[in-house]
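These notes are about the structure you will find just below.
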Amino acid sequence: MESRRKLLIVIAALLAVLIVTPFANSYVIVLVTHALIFAILAMSLDILLGFAGLPSLGQAAYLGMGAYLTAILATRFQFGLDWTFGLVVVLGILIGAATAALFGLFAVHAGGVYFLMITLALGMCVWGLAYRWNSLTGGDNGIVLPTRPEFGIQLADDVTYFFVVFGFFVAALALLTVLVRSPFGRSLVGIRENEPRMRILGYHTWLHKYLAFIIAGGFGGLAGVLWAHAHGLVSPEDVVLATSVDALLMVVLGGPGTLVGGAVGAGIVVFLREYLSTLVPWWQYVLGGVYVLTILYLPGGLMSVPERIRGWRARWENGVRVKFPRHTS
Amino acid sequence: MDAQFWLIQAFNGISYGALLFLLASGLSLIFGVMRIVNLAHGSFFLLGGYVALTVIWTTGSWLLAIPVAALTVAVVGLLMERIFLRPLGFDPLRQVLLTVGFAYLFQQAALDIWGGDNLDITPPDILKGSIVIEGLHLPVYRIFMIGMAGTIGLALWVTMEKTRIGAMIRATVDDAQMARGVGIDTSRVSMFIFALGAFLAALGGVIGGAFLGVYPGLDFAILPIAFAVVIIGGMGSLTGAAVGSLIVGLADNFGKALFPEVSYFTLYAPMVLILALKPTGLFGRE
């Protein structure tokens, strides 16, 4: 029953976004589109962080690969501006996955802090190429994309593009939900909780983590393709360390291991970065404050709030003061 | 591409490495002792430069600016460690995100206080100009940077190898649990190291201010390079930080001069390889 109720809440929230957004003003539509794209990136990272227990500091690299691929194909070869957009999506996913397959060889065997460092270094490799390989990536200026694809429907229209991104987001959410509930997904949780035990049980834990890494890279690539057309400009700014770190915050803020939490976190971070920054000059205090407060006071993320409230209520009703164990992981 | 080119590039690389040593030695010690990936380290560097500018504007003394800036930022680091990082306990992910949060807060504070312009720290006249050796023009300031890093490095080495606190630090790097077992107050050691790291980074910021400038965004521009040094050299090792700084300083200079298109790649790809093959770095201890 419990999981059914959660499913209904998620569907209701999705329908609300789908129905309300097209009637909002044009800026909000763009904002929601961006949030949905970053939600895909955050969910891809959640597979690693929330389920496999691998905190990657380089998830922006896969977004960058997808985005640069889209931009280069569009400007050099005019490819992907009609029905071939579908092919670009497939290629974007593949290049994200392929990059992850290469990077994973270096990263996956490392644990804890070393995994953080090595993914940071891998992310910086991609940034270095994007920043310096002028002839391919346009260097610091990046690549400006021509118009969005057009194949019967005009993606140049922001509302149409929102619908397309929304479709990809729902598909990603559904696929990833199926994935984490599959035996494979359960094995990732097992590895997160106790890797030596999983190994003793006969699981090839490295391979499972490696596959999760590749899958996360694929979804990162998808987010990159969508981002390239949403933003209209692909630049090294998209692959800087801050993007990877923000993706981590989205997951931690929403609640690791919940998928939907990453999407909620993405909404909040995109709102802070893109909307609040136009309103007030001191928006970075809010962003930094959200980081610090989330880490200090909300280790389970926003998705753990209902559970906590229920915990408080239960304590009140019972009238006993049970000291709750502090979240430590 | 004659001998002169190679000599000048090598000199530039070594002097840049000297600056990196100031920044990265603290980062390396912090990582070695506390296992914290401190993403606010670039902010300490930048804040050092900014505080120094304020001191120079009010007193006109560059010499006074160096200790004041370094000590101010050391206090900031000390408070950050005591109030926020210590209560978290050991949790790499949360520690990283907390330091990022602080990096953003420092960035905004710097913008509010010092504005968004590119500023420059002007060194005293005696350090301007250059000396000519065998037809090579060597800027005095770069020689000063090398001397400064050498002095600091020597002082750190003596502290680490010859004093009681140094022995405590080394013990904590090797095995924190065991160190606690024999009665070393590792919490105090961590506090000292974090403050020392901030101190060194800020010192680097003042010295580097005349060389790189002081501007918003410098913090995140310099941070990954510091990580490259720490990873290549090995975390928690002074020798490693020194060798790593030289390697990265030279690789960066020659990379930019010889293969500009992939120059950052040539910096970070070795970092990945070293991490994959020997996660403890060239000089790190198991």
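Letters A, B, ... mirror the listed sequences (proteins, then strands); counts begin at 1.
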Give, as side chain, backbone, both or neither, the part of [X] having an atom under 4.5 angstrom from any heavy atom of chain B.
X	answer
Leu120(A)	side chain
Leu116(A)	side chain
Val245(A)	both
Tyr285(A)	both
Ser135(A)	both
Ala242(A)	both
Leu49(A)	side chain
Ile118(A)	both

Atom [atom1] of [X] with >12 non-hydrogen neighbours under 6.0 angstrom:
X	atom1	value
Tyr275(A)	OH	no
Trp282(A)	CH2	no
Trp283(A)	CH2	yes
Glu237(A)	CD	no

With a 4.5 angstrom heavy-atom cut-off, is it the side chain or the backbone of [X] that approaches chain A, or both, or neither?
X	value
Leu105(B)	both
Leu111(B)	neither
Phe31(B)	side chain
Ala103(B)	neither
Leu223(B)	side chain

Can Arg94(B) be said to sit on top of Tyr291(A)'s aromatic six-ring, NZ or CZ under 6.0 Å from centre and within 45° of the ring axis?
no
CD1 on Ile83(B) to CG on Leu296(A), rounded to 0.5 Å
11.0 Å
What's the spacing between Ile225(B) CD1 and Met124(A) CE if we round to 0.5 Å?
8.0 Å
Between Gly128(A), Ala110(A), Ala121(A), Pro55(A), who has the most heavy-atom pairs with chain B when the cutoff is under 4.5 Å?
Ala121(A)
Using the side chain to side chain contact (heavy atoms under 4.5 Å, CB included) rule, pick out the option among Leu98(B), Val100(B), Thr99(B) that qualifies with Ile295(A).
Leu98(B)
Do you know the tightest heavy-atom contact between Leu97(B) and Leu249(A)?
CD2-N, 4.2 Å
Kindly say whether Pro281(A) contributes a backbone atom to a donor-acceptor pair with the side chain of Gln108(B) at under 3.5 angstrom?
yes
Report yes if some heavy atom in the side chain of Val240(A) is under 4.5 Å from a heavy atom in the side chain of Phe220(B); otherwise report no.
no
